[in-house]
Amino acid sequence: MINDYKSSVRYRRREETKNILGFIHGGLEPSLYGAWDFLISNAPNELICRLISNYKRGKFIQGIFGKAIQDYENSEEVVKQSVAMKYQNYLSRRTYKLVCKTQTSYFNNEKEVWLPRNIKCLGIDLRLPKLSLSDNNVEKFVKGLDIGHVSQIPGIPGVSRTVTGSVFMIIDLHLRVPHLARKLTWFNDNENHFVFQFSDDGAPETSQLTMSIGSMVCWNFGDEVRSRDLHYLLHCVSVGEKDNIMENLWKQHTEEMKMLEGNVLTIYNKQCTVEFQPGADMSWQSWAANELNQAATYPSPYANVHKGNMSTIGGSIGNEPGCTWKPFSMEIRDSNIKSLNEFMESLPDSSTEKNKHKKKLDYMAENGMRQLGPPRIAIYVDRLRPEPMHCEINAWQHYVDLIYLEAVRRNTFTSFVSVLEAPVGGSQGQEASHKETSAVPVSHNSINDDINTCSSAGERARQQKLLQQSENDLRDSLQSFSNQHASQVSQIQGCGLGYLSSKIKEHYNNEGNRFNKLSIRLIGSQAIALARYSYHLVDTLECENETAAQKLQRYSIGKIDCLLRNAGGLFNRTELNSVQISELKDACEMYFNLMSLFFQSSVNVSTWTVGYAIPYHAKLIFEQYKVGYGIVSLQAKEAKHAGVKKDLMLSNRSNVSSIVGKWWQVMRSNYVRSFYLPEHQPIPSSYISHYQSRLPRHCSSSKHCSCGREKDIDNDLCLFCASSIDVVNCALNRKLDESVLAALKPEICQHCNSRFADKSLLSSHLRFCKTTEVRTGSVINPLTMPVPALKEALRNRHLSTTGNKSVLIQRLEGALAGEG
């Protein structure tokens, strides 16, 4: 190391130093410690660095660092990190290789070669460690993992797990991993009791293929039940959710569930019990229950409501005496199946299949049946519940239809679509957006004259006079357009739904469909936007020469959106208390009452479900589990489909037509992401609550009413809400006041005192009154009317004539009650 001395002198003095230090410190090893202590105490840092970097011809640091890198690259940590990087980020093979390559090398564009990405330490080049394995090694490791028992479904592209295996793996993971175990919630202090929700849903795999994804989630995950990371795949099949093979698959699944529910399971040395709840996708529910769909005379799977009494105000669901509607039970279903089978056997063999099918539907409608055969999910059919997210979307879809038709009738369609597509903040939002996007002025005096000294391409280009002139012209042109556009929509505050507005315009421009229902389908974010800002749309309905009836309808529509907004904000939450359960029931009831009183012909199964079925089931769930109704939401299920599609895109067999391949890769990827990484490479949960408030953001201000409008100076309410008191009182009293009834239906029949909205309806009714002979005094008595007379009376009131005689009687009685 010391090259300034001759070799003989250097070796002689080295030996003398060794002897002296050994004498002073008492041995060879103590002498080394003493010399090192002297060195680090007196030598400057620069000398220490120079001594270490030059030791053994510059290989000392490389050796130490190289051994550390080699130990790290051979460690299990690199394997975990490589698997996490590839699967958590959904990296394809090509992308993963590129990421690995850029970690340790860079591309030299002059020589067009990849060069090592080294670092300098004490003037020495040190190789960067490889932070990840090669793609082949990662895939080899993943293929060696035990992902549980997965079986190929014979004859079709698809794989499935057993319910037993899935349950054991999920519970074991969440009991074994501490950070997951801490997040588990128990219902009614029943520790180690797990409630699993199973569901199936179809989705487009590609433009030509469809897929059915079955999954399970556990209610014990709390609010994170809506995280797609905690939805565990049960099966993946390249067929529709209602294919014949799915019936056999769910038969096997439900048999396992019934077996598991009756046993105590020992998992991770703990005694566990399980319970299963069906998913709430309403399209799949009809298939799973083996029932008719919602177009049937009895359209709801949640109670025996039919189209004749669907608009009944003050009704209730339950098995108690006096309840209007009763939930379906397995006893009722079995009885209906037996009766239907006997009827089908009584039909002559010579009848065609089409004729048999028609008679079958007529028989089911006349006898209040929905059941086509044994339920495909067995006893779990009695636990079916409406899904909150889809119910809210359907309700707002129905609301858009209602307000659109009103806008068309009042000739306010132009202002309606203008507000629908206008930004939420009006001109203020546009000004803010303009400020954000406007270019920052450049001080040309500060620019160096030498273009070659500029580090930015923008700076170098901006020094050209031609570019400066073109930039000024563009800025002036955009500013002029912005001012012109702002003057056109200066004070418009809308809903920010431009895409929806364009679809509604297309529908309106087709004169043949102008007065039909909109052919659109809302998504969740659009429904929430309508919940927040639909009061802007209601205000567009006000027109010149507005009649008293139109004014009442406008007020009722305005209160309907407030009540639907409040109800949606409550039944989508996973945490509720008893007071909020009562508030939910009141909001749903008031919403239904307003729809039934002012828009009776528009009441459909979605209206009835929000008005009665959701508060009924929300109360049952709260009483049993003390959780909010949002626990049954399938919001994460929709997000899970997006994750599965990503896995399919990364699969090297995604376009292969053979039945073996891609779904195995999807199951393996899902296992890595859902089971392996949470245990071996945990990261903080990236889940952010999907719940969004339905209230407009400015409602917290004391200057604004709860509906979103500004309060009246002399009142604690806005002018709209103050004027809507009569409408609200009608909903509270469950009937129309005399003044409201006189405004909505000014025309009176002299024979039966029935009221009608206009003279055309009255004249049609008078023809019926003159021809019918079945009367009690001067009042129509539905109980004594034959079926043709009942149907004629219902047609005159623009009501449905389907169903048996009892259905027709109840429907006409409800219409007469509304007229009275």
Main chain of [Y], side chain of [X]: is a donor-acceptor contact present, judged purely on distance under 3.5 Å?
{"X": "Glu224", "Y": "Ser227", "value": "no"}
{"X": "Glu392", "Y": "Ala567", "value": "no"}
{"X": "Gln152", "Y": "Gly158", "value": "yes"}
{"X": "Thr324", "Y": "Ser316", "value": "yes"}
{"X": "Asn341", "Y": "Ile337", "value": "yes"}
{"X": "Arg370", "Y": "Leu292", "value": "yes"}
{"X": "Ser335", "Y": "Ile332", "value": "no"}
{"X": "Asn188", "Y": "Asn190", "value": "no"}
{"X": "Asn566", "Y": "Ala587", "value": "no"}
{"X": "Asn367", "Y": "Met369", "value": "no"}

With side chains defined as the heavy atoms from C-beta onward, is the minimum distance between [X] and [Y] less than 4.5 Å?
{"X": "Asn577", "Y": "Lys626", "value": "no"}
{"X": "His398", "Y": "Thr607", "value": "yes"}
{"X": "Val632", "Y": "Gln197", "value": "yes"}
{"X": "Cys218", "Y": "Leu230", "value": "no"}
{"X": "Asn309", "Y": "Trp325", "value": "yes"}
{"X": "Met246", "Y": "His235", "value": "yes"}
{"X": "Arg668", "Y": "Lys143", "value": "yes"}
{"X": "Leu184", "Y": "Leu175", "value": "yes"}

Can you tell me if [atom1] on [X] sees more than 12 non-hydrogen neighbours from other groups inside 6.0 Å?
{"X": "Lys251", "atom1": "NZ", "answer": "no"}
{"X": "Lys258", "atom1": "NZ", "answer": "yes"}
{"X": "His179", "atom1": "NE2", "answer": "yes"}
{"X": "Lys80", "atom1": "NZ", "answer": "yes"}
{"X": "Glu261", "atom1": "CD", "answer": "yes"}
{"X": "Lys140", "atom1": "NZ", "answer": "no"}

- Task: Please report the C-alpha distance between Asn394 and Arg521 in whole Å, then the side-chain angles of each, then the deciding distance to 0.1 Å, and finally whether the side chain to side chain donor-acceptor pair (under 3.5 Å) criterion is met.
- Result: CA-CA 9 Å; Asn394 292 340; Arg521 173 65 177 170; 2.8 Å; yes
Supply the atom-to-atom distance [X] [atom1] to [Y] [atom2], rounded to the nearest 0.5 angstrom.
{"X": "Glu583", "Y": "Asp586", "atom1": "CD", "atom2": "CG", "result": "8.0 Å"}
{"X": "His193", "Y": "Cys272", "atom1": "NE2", "atom2": "SG", "result": "11.0 Å"}
{"X": "Glu679", "Y": "Ser674", "atom1": "CD", "atom2": "OG", "result": "13.0 Å"}
{"X": "Ser669", "Y": "Lys86", "atom1": "OG", "atom2": "NZ", "result": "8.0 Å"}
{"X": "Arg573", "Y": "Gln580", "atom1": "CZ", "atom2": "CD", "result": "4.5 Å"}
{"X": "Ile528", "Y": "Ile393", "atom1": "CD1", "atom2": "CD1", "result": "8.5 Å"}

- Any chance you could lay out the side chain to side chain donor-acceptor pair (under 3.5 Å) test for Ser339 and Tyr363, step after step, and finish with the verdict? CA-CA 10 Å; Ser339 176; Tyr363 179 80; 2.7 Å; yes
- Could you go step by step and tell me if Lys358 and Asp362 meet the salt bridge (charged side-chain N to carboxylate O under 4.0 Å, His left out) rule? CA-CA 6 Å; Lys358 183 180 183 303; Asp362 292 340; 3.1 Å; yes
- Query: Parallel, tilted or perpendicular: which fits the ring planes of Trp608 and Tyr612, with parallel below 30° and perpendicular above 60°?
  - Reply: tilted
- Message: Angle between ring planes, Tyr676 versus His680, binned at 30° and 60°: parallel, tilted or perpendicular?
- Response: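 Ring orientation, 0 to 90° scale: parallel.
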If every non-hydrogen atom of [X] is compared with every non-hydrogen atom of [Y], which pair is closest and at what distance?
{"X": "Ala303", "Y": "Phe328", "result": "O-CE1, 3.3 Å"}
{"X": "Asn220", "Y": "Phe194", "result": "OD1-CA, 3.2 Å"}
{"X": "Gly222", "Y": "Ile631", "result": "O-CD1, 3.9 Å"}
{"X": "Phe571", "Y": "Pro388", "result": "CE1-O, 3.4 Å"}

- Message: Using side-chain contact (heavy atoms from CB on, under 4.5 Å), reason through Val167 and Phe196 one step at a time and then give a plain yes or no.
- Response: CA-CA 8 Å; Val167 167; Phe196 285 92; 3.9 Å; yes
- Message: What I want to find out is whether Arg333 reaches Asp382 closely enough, with some N-O distance under 4.0 Å, to be called a salt bridge.
- Response: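 Salt bridge present between Arg333 and Asp382.
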- Salt bridge flag under 4.0 Å for residues Lys242 and Glu247: no
- Residue of the set Trp219, Trp250, Tyr232 for which ring-ring contact (aromatic ring centres under 6.0 Å, His included) holds with Phe198: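 Output: one option passes, namely Trp250.
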- Measure from NZ or CZ of Arg673 to the centre of the six-membered ring of Tyr90, then state whether that distance is under 6.0 Å and the direction lies within 45° of the axis.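 Judged by the rule, Arg673 and Tyr90 form a cation-pi pair.
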Can you confirm whether the side chains of [X] and [Y] place a donor and an acceptor under 3.5 Å from each other?
{"X": "Gln277", "Y": "Tyr625", "value": "yes"}
{"X": "Gln371", "Y": "Tyr298", "value": "no"}
{"X": "Glu205", "Y": "Thr210", "value": "no"}
{"X": "His149", "Y": "Thr162", "value": "no"}
{"X": "Arg226", "Y": "Asn572", "value": "no"}
{"X": "Ser212", "Y": "Asp200", "value": "yes"}

- Message: Pair Ile171, Tyr268 - check side-chain contact (heavy atoms from CB on, under 4.5 Å), show working.
- Response: CA-CA 8 Å; Ile171 295 178; Tyr268 194 57; over 6 Å; no
- Stepwise, does the side-chain contact (heavy atoms from CB on, under 4.5 Å) test hold for Arg383 with Ile377? CA-CA 10 Å; Arg383 306 177 189 179; Ile377 55 173; over 6 Å; no
- Message: For the aromatic rings, using the six-membered ring if either is Trp, is the centroid distance between Phe221 and His174 under 6.0 Å?
- Response: yes
- Task: Apply side-chain contact (heavy atoms from CB on, under 4.5 Å) to Asp201 and Ile213, showing your working.
- Result: CA-CA 6 Å; Asp201 196 8; Ile213 305 298; over 6 Å; no
- Take Gln285 and Tyr302 through the test side chain to side chain donor-acceptor pair (under 3.5 Å) and record every step on the way to the result. CA-CA 10 Å; Gln285 283 180 348; Tyr302 314 116; 2.7 Å; yes
